Asker: 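Right, I'll just put the structure down here and ask away after.
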There are 2 protein chains.
Amino acid sequence: MSRRDEVLAVAERLLEAEGPEAVTMRRLAAELGMQAPSLYKHVRSKDDVEAGLQERALLQMGAAISTAGPDLHALAAAYRAWATAHPRLYRLATGRPLRRDALSPGVEESAAAPVVAAAGGDEHRARALWALAHGLVDLELADRFPPGADLDLTWRAALEAFARPA
Amino acid sequence: MSRRDEVLAVAERLLEAEGPEAVTMRRLAAELGMQAPSLYKHVRSKDDVEAGLQERALLQMGAAISTAGPDLHALAAAYRAWATAHPRLYRLATGRPLRRDALSPGVEESAAAPVVAAAGGDEHRARALWALAHGLVDLELADRFPPGADLDLTWRAALEAFARPA
DNA sequence: CCAGACTGGCTAACGCCGTTAGCCACCCCC
DNA sequence: GGGGGTGGCTAACGGCGTTAGCCAGTCTGG
């Protein structure tokens, strides 16, 4: 585990526990028992830290949903479960543009593969399904749905549209 | 137009023209020909400014999509058109939690009404449709789709699932 | 007609932020 | 045993949101 990964691990823990405003260079450094400028020996910038968190999120999420198999409902459940278990990491990862050049090769594809499989290989259907899941999660995490709405039912209604054969 | 609304108008213009990092209290003040602390005579905090922008976005977007009528494709096109015409305002508005207490009453409902209508009155279908549109827009604005993907086709594929009768 | 309050500007300052420059102790290898 | 890389440190800069405190103008009630 490189020093950079240690920083990222601390950042992830801090982000999830106390929210994005707690993830400052000074705080990260303190958590690692050092001073803020020393962080720059392991990490290029704060943006670099966030890019690292984004990649971590992609990896974790890809792993989580690839265990679900090709069933649409199982896949959706896994997606939703991971996102709500790591809400701040999810929002940080999807909230910033994807830096493909800073990403280890293959990460993006392997995270997308289960979705494409569940969509029967149709890339447009896969993207639509992904967008549906992301939209539901994102709106839920941003408290956009009226309080008391039964989101289980909403997910069922949403997936039914996709499950129905053409 | 109250002084607060003037601040919000400048903030919106600045946000869309130069991005969120340009919307600072000092910059806003300069744009209005005053010093930063004077802003606090018209606005409670920067968070208050962002809440105001969120409400503005909701109002504008509600107006934009209510002109589309009950047709699913027209509604989706209007939604997508507004979001891509005001990408940073869209992301700011959906990126922060909805402060219902700071919202003029009725704003949320009237923005949601066209979607519910297009979904045939089914609230779960309406939320799913909303999430689908939001997800597509949000992922596109965050550069998550592979470059070169034909998003028009993706939107068509997505809407077909919802248009198909049960 | 004038006194008082209210409005809306100002300067100075605080504590935080990310980041850079420059320094130095340690350790490993030739 | 000396040289260079590694990984800490302090000091500092400019920018951020925000507060305190001040004051000129205006408007209003007696």
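A note on names: the letters A, B, ... follow the listed sequences, proteins ahead of strands, and every chain is numbered from 1. All values reported here derive from a predicted model rather than from experimental measurement.
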Asker: What's the CE-C1' distance between A/Met25 and D/dT10, to the nearest Å?
Answerer: 17 Å
Asker: Scan residues 37-45 of chain B against DNA chain D and write down, sorted by residue number, each residue with any heavy atom closer than 4.0 Å; if none is found, say none.
Answerer: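 Only B/Pro37, B/Tyr40, B/Ser45 qualify.
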Asker: How do A/Arg26 and A/Met34 order along DNA chain D: which one's closest nucleotide is nearer the 5' end?
Answerer: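 The answer here is A/Met34.
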Asker: Any idea how A/His134 and B/His134 line up, ring-wise: parallel (<30°), tilted (30 to 60°), or perpendicular (>60°)?
Answerer: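 Answer is parallel, since the angle falls under 30°.
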Asker: Closer than 4.0 angstrom, basic N to acidic O: yes or no for B/Glu31 and B/Arg27?
Answerer: yes
Asker: Name the residue from A/Pro114, A/Pro70, A/Ser66 that meets the side chain to side chain contact (heavy atoms under 4.5 Å, CB included) definition with A/Leu75.
Answerer: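 It is A/Pro114, the one option of A/Pro114, A/Pro70, A/Ser66 that forms the side chain to side chain contact (heavy atoms under 4.5 Å, CB included) with A/Leu75.
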Asker: Pick base, sugar-phosphate or nothing for B/Arg3, based on heavy-atom distances below 4.0 Å to the nucleic acid.
Answerer: sugar-phosphate
Asker: Could you tell me the separation between the CG atom of A/Asp47 and the P atom of C/dG18, rounded to a whole number of Å?
Answerer: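 Taking CG of A/Asp47 and P of C/dG18, I get 12 Å after rounding.
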Asker: Could you tell me whether the side chain of B/Glu16 and the main chain of B/Arg88 form a donor-acceptor pair under 3.5 Å?
Answerer: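 Judged by distance alone, yes, a pair lies under 3.5 Å.
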Asker: Rounded to the Å, how far apart are A/Gln35 CD and C/dC24 C1'?
Answerer: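 Result: 15 Å.
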Asker: Figure out the NZ/C1' separation between B/Lys46 and D/dT18, and round it to whole Å.
Answerer: 12 Å
Asker: Just by distance, no angles: are the side chains of B/Gln60 and B/Glu55 close enough, under 3.5 Å, to form a donor-acceptor pair?
Answerer: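 The answer is no; no qualifying pair exists.
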Asker: Salt-bridge test for B/Asp48 and B/Arg4: reply yes if a basic N is under 4.0 Å from a carboxylate O, no otherwise.
Answerer: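 B/Arg4 and B/Asp48: salt-bridged.
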Asker: Expressed as a whole number of angstroms, how long is the span from A/Glu6:CD to D/dG7:C1'?
Answerer: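 Going from CD in A/Glu6 over to C1' in D/dG7 covers 13 Å.
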Asker: What's the CG-P distance between B/Leu28 and D/dT18, to the nearest Å?
Answerer: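 Distance, rounded to whole Å: 12 Å.
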